[in-house]
Amino acid sequence: MLLVSEVVEHKDRFVAGLVKRGIDNAAELLDNIIALDDKRKSTQAQLDELLSESNKLSKSIGMLMKDGKKEEAEAVKQKTADIKAQSKDLTQQLEDTKNELLNELYQTPNIPNPDVPAGKTEDDNEEIFCVKTLPDLGEDAKPHWDLIKEYDIIDFDLGIKITGAGFPVYKGKGARLQRALVNFFLDEAEKAGYQEIQPPVVVNEASGLGTGQLPDKEGQMYHLSDTDMYLIPTAEVPLTNLYRDVILDEKELPIKNVGFTPCFRKEAGSWGAHVRGLNRLHQFDKVEIVQIEHPDKSFDTLDQMVKHVEGLLKKLDLPYRILKLCAGDLGFTSSITYDFEVYSAGQKRWLEVSSVSNFKNYQANRLKLRYKDADNKKHLLHTLNGSALALPRIMAAILENGQKANGIELPAVLKNYTGFDRID
RNA sequence: AGAGAAGUGGCAGAGUGGUCGAAUGCACUGGUCUUGAAAACCAGCGUACCGCGAGGUACCGGGGGUUCGAAUCCCUCCUUCUCUGCCA
């Protein structure tokens, strides 16, 4: 969430940022936040004074009792009643104010970085790279949902039978290809200096709050009502929450972690003709890279992560483009995001396969994730993450782009992982 | 899952109603000494909020309660350990 002290100090910048995102009443919103924070401070100050008085009286009672001056002690006790009532009121007021403030902050998104293009929808995203030529497989090119049936490598009907729509069953070479991709992605990440982490895929409410999935987007996550826990929508949640309430030493930076997990998304209301096959699922696999970085270096780190993802797509020999998301299309917690899309020649369309973001201190503020500098001073860190990569759409693109008359040719780099170089 | 025990500062560990934000030891930081190091000695050493500052307030697993006053008593939840049961 936004850091109130920064909002106060650079209010114009924050107003402009939120307006850029399409929040027209941003000034009003931030004024309210600042007012609530002021109220919080003054109420706290009043309460502190009262408690200070009360503490003094209590101590004097203690001393009087020790000296055996019972009656005098009783007299002081009388005086505390009033203070007690007042402090109870103030405590309640303070708590209400804090909750109201927190609530406002939870509902206020991160501000876009200055170089984020203006715009309202995905149509306004800025293409910063695109391969020169797109594969053209002609009119006979098949979408992957036909190919997987033809070669019997993924079965949607079986998934529907045992679970429901959006939970595919991978079989034979399909399962093997998926596992190969996971291993390839993990190996590449480790080569790039990331430590592999296997986190739980079920998280508690505090973790959802920490990375910003809660309180507003609970509709996206599967909720386990009996234990009040959530299935993760991305490994970002556990991987970043590992560092909730942590103070790192400056020397430990950057933290570079990679995790492979299944991801679960309800995707309520997003079904339609364009989400056939592997394009959108309730459960899918993803390898996620997460970095925790010094505020001065997070943009270099962002570039480095973008390069890493780009390298994966190059090695897989997939046609891709990179988009810099416009302010209106930016995720709630992000300050800047690059999307990677691969061109899938069967559907003749671009598929989003990665999203690399710098959250700056927005998540860190919620997480209370800080570092100690040389003078032992604490500062918020920056968090970043990116998919490297999401499996199903990569799979779709590999299948569609590699299709030949009598089989599917796989990217050469996968041969060592799959043990085969074609599916037929 | 059942029975019992326990959760205190980076770690170990005292403290069972009053000047306790908390003894002591270790670790850590600075200093003295030393050619250097070790040892010894001296000093410092949690987090957050408010305040220009002096200072104040809160925090002893989380939440709630009793009391003028709670690390200490009560309730509740969580976690860990031991025993029993179950299980990949």
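Keep in mind that this is a model prediction, so the values were computed, not measured. Chain A is the first sequence line, chain B the second, and so forth, proteins listed ahead of strands; every chain is numbered from 1.
Under the Watson-Crick or G-U wobble criterion, with both distances below 3.5 Å, B:A54 has no partner in any strand shown. Look at B:U19: it lacks any Watson-Crick or wobble partner with both distances under 3.5 angstrom. Pairing for B:C45 is absent, judged as Watson-Crick or G-U wobble with the two contacts each under 3.5 Å. Remark: B:C26 base-pairs with B:G10. Criterion, Watson-Crick or G-U wobble with two distances under 3.5 Å. Nucleotide B:A40 forms a pair with B:U32, judged by Watson-Crick or G-U wobble geometry with both contacts under 3.5 Å. Judged by Watson-Crick or G-U wobble contacts below 3.5 Å, the nucleotide B:G4 has B:C81 as its partner.
Going from atom CG of A:L369 over to atom P of B:U47 covers 16 Å, rounded to whole Å. Per the geometry, CG belonging to A:L102 stands 14 Å off P belonging to B:C49, to the nearest Å. In this entry the distance linking CG of A:L64 with P of B:G18 reads 16 Å, nearest Å. Between A:L248 atom CG and B:G10 atom C1' the separation is 15 Å, expressed in whole Å.
Straight-line distance between the P atoms of B:G17 and B:A70: roughly 14 Å, to the nearest whole Å. The gap from the C1' atom of B:U67 to that of B:U16 amounts to 16 Å, rounded to the nearest Å. Annotation: B:G15 and B:A1 have their C1' atoms spaced 36 Å apart (nearest Å). As rounded to the nearest Å, B:G31 and B:G36 have P atoms that lie 13 Å from one another. As rounded to the nearest Å, B:G9 and B:G4 have P atoms that lie 27 Å from one another. Taking atom C1' on both B:C45 and B:C26, the two are 13 Å apart, rounded to the nearest angstrom. A gap of 41 Å separates the P atoms of B:G2 and B:C49, to the nearest Å. Comparing the same atom, P, in B:G56 and in B:A3 gives a spacing of 47 Å after rounding to whole Å.
Applying the side-chain contact (heavy atoms from CB on, under 4.5 Å) rule to A:E190 yields the partners A:E196; only residues at least two apart in sequence or on another chain are considered.
Inspection of the A:N257 and A:Y243 side chains reveals an N or O donor paired with an N or O acceptor under 3.5 Å. With hydrogens and angles left out, the side-chain atoms of A:S355 and A:D339 include a donor and acceptor closer than 3.5 Å. When only modelled atom types and interatomic distance are considered, A:N204 and A:S207 share a side-chain donor-acceptor pair under 3.5 Å. The closest side-chain donor-acceptor pair between A:Q347 and A:E400 falls under 3.5 angstrom.
Below 30°, between 30° and 60°, or above 60°: for A:Y194 and A:H308 the angle between ring planes is between 30° and 60°, a tilted geometry.
Heavy-atom neighbours of A:E28 CD from other residues, nucleotides or ligands within 6.0 Å: at or below the threshold of 12.
Taking the six-membered ring for Trp and the full ring otherwise, the centers of A:H379 and A:Y371 sit less than 6.0 Å from each other.
For the pair A:K372 and A:D37, nearest-nucleotide mapping onto RNA chain B gives the more 5' position to A:K372.
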*List the protein contact pattern of nucleotides 55-79 of chain B with one symbol per nucleotide (5' to 3'): B for base contact, S for sugar-phosphate-only contact, - for none; contact means a heavy-atom distance under 4.0 Å.*
-BSS---------BS----------

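For the pair A:R370 and B:U47, the criterion of a side-chain N or O lying under 4.0 Å from OP1 or OP2 is not met.
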